[in-house]
Amino acid sequence: MARLFLLISHTLSPEQINDARISLGVSKIIKFDKELMAKWMNIPPKISDLSEYLAEFREALLSCKAGDFILIQGEFGATYHMVNYAKSIGLKPIYATTAKDSKELIQDGVTKITNNMTRFRGLK
């Protein structure tokens, strides 16, 4: 069975985990180490070329096997680069789609809109 690697800045919901196991047939969901993920969540906006910054992430993907899924979401340019790299080494990049719940809850002056994960989609 395939594995699912996570290159994202959040934690998967129980619904997402269940959907990944059923719709993708993954046997294991793997997070990269916390230090690497902290770096993913804080990509400096003033870098003009991300190639050097992303070298550590490309190296981390070498622990994946061809045919594994990888959920990549984050800073647009970095995500674009990593999706292309993942495809070049035989991984199956995916992303999560969401449906906006139009119900708004206003509590103490704060508006809360709920996002519900709908499904995972492959990037071809």
Side-chain angles (χ1 to χ4, degrees):
M1 289 187 113
R3 301 173 298 170
L4 171 60
F5 286 82
L6 305 176
L7 189 53
I8 57 177
S9 59
H10 61 281
T11 303
L12 291 183
S13 69
E15 293 83 11
Q16 287 176 307
I17 292 169
N18 188 50
D19 183 68
R21 293 192 190 287
I22 293 169
S23 67
L24 303 174
V26 298
S27 59
K28 192 170 187 182
I29 298 173
I30 302 165
K31 300 176 188 176
F32 292 103
D33 69 64
K34 288 183 183 186
E35 289 154 5
L36 187 65
M37 295 318 303
K39 193 173 176 181
W40 181 255
M41 290 186 273
N42 294 293
I43 296 172
K46 296 195 179 211
I47 295 176
S48 61
D49 181 3
L50 289 172
S51 297
E52 185 177 323
Y53 188 87
L54 295 175
E56 192 174 354
F57 299 96
R58 289 190 300 274
E59 186 177 321
L61 264 58
L62 295 177
S63 66
C64 306
K65 295 179 184 170
D68 283 338
F69 292 95
I70 182 161
L71 175 58
I72 305 174
Q73 291 181 301
E75 194 270 342
F76 181 80
T79 298
Y80 177 83
H81 284 285
M82 294 309 297
V83 164
N84 286 326
Y85 180 71
K87 288 167 43 175
S88 78
I89 61 171
L91 302 181
K92 297 177 182 177
I94 61 170
Y95 67 99
T97 64
T98 58
K100 303 282 186 202
D101 187 344
S102 63
K103 296 176 187 172
E104 293 184 9
L105 173 64
I106 301 173
Q107 189 173 4
D108 298 326
V110 177
T111 303
K112 181 180 178 182
I113 301 173
T114 309
N115 295 324
N116 296 315
M117 200 289 287
T118 304
R119 66 172 301 204
F120 291 109
R121 244 187 230 147
L123 294 162
K124 297 180 181 181

Residues Lys87 and Pro93: closest non-hydrogen pair is CG-CG, 3.4 Å
Heavy atoms, side chains only, cut-off 4.5 Å: are Met82 and Leu61 in contact?
yes
Grab the two heavy atoms, one from Ser27 and one from Arg21, that are nearest each other, plus how far apart they are.
O-NH1, 3.3 Å
Within one Ile-Leu-Val-Met-Phe-Trp-Tyr cluster: Ile22 and Leu12, side-chain cutoff 4.5 Å
no
Separation between CD1 of Ile8 and CE of Met41, rounded to the nearest 0.5 Å
9.5 Å
Rounded to the nearest 0.5 Å, what separation is found between the CG atom of Leu91 and the CD1 atom of Ile72?
7.5 Å
Check: Leu7 and Gln73 side chains under 4.5 Å, non-hydrogen atoms:
no
Pair up each side-chain donor or acceptor in residues 45-52 with any protein partner under 3.5 Å, not counting sequence neighbours, and list the distances.
| unit_1 | atom_1 | unit_2 | atom_2 | d |
| --- | --- | --- | --- | --- |
| Asp49 | OD1 | Ser51 | N | 3.1 |
| Asp49 | OD1 | Ser51 | OG | 3.0 |

Any salt bridge (charged side-chain N to carboxylate O under 4.0 Å, His left out) involving residues 67-77? Give me the pairs, sequence neighbours left out, ordered by first then second residue.
Arg3-Asp68
With sequence neighbours left out, what residues match Ser63 under side chain to side chain contact (heavy atoms under 4.5 Å, CB included)?
Phe5, Phe32
Measure from the side-chain N and O atoms of Thr79 to the backbone N and O of Gly74, and report whether any donor-acceptor pair falls under 3.5 Å.
yes
Sequence neighbours excluded, every pair satisfying ring pair (Phe, Tyr, Trp, His ring centres under 6.0 Å) that has a member inside residues 44-91:
Trp40-Phe57
Nearest heavy-atom approach of Ile29 to Ile17 is CD1-CG2, 3.8 Å
Do you know which two heavy atoms are closest between Ile43 and Ala78, and how far apart they sit?
CD1-CB, 3.4 Å
Taking ring pair (Phe, Tyr, Trp, His ring centres under 6.0 Å) as the cut-off, I'd like each qualifying pair that reaches into residues 10-30, sequence neighbours left out, listed once.
none
For residues 28-41, pull every pair meeting salt bridge (charged side-chain N to carboxylate O under 4.0 Å, His left out), keeping only residues two or more places apart or in separate chains.
Lys39-Glu56
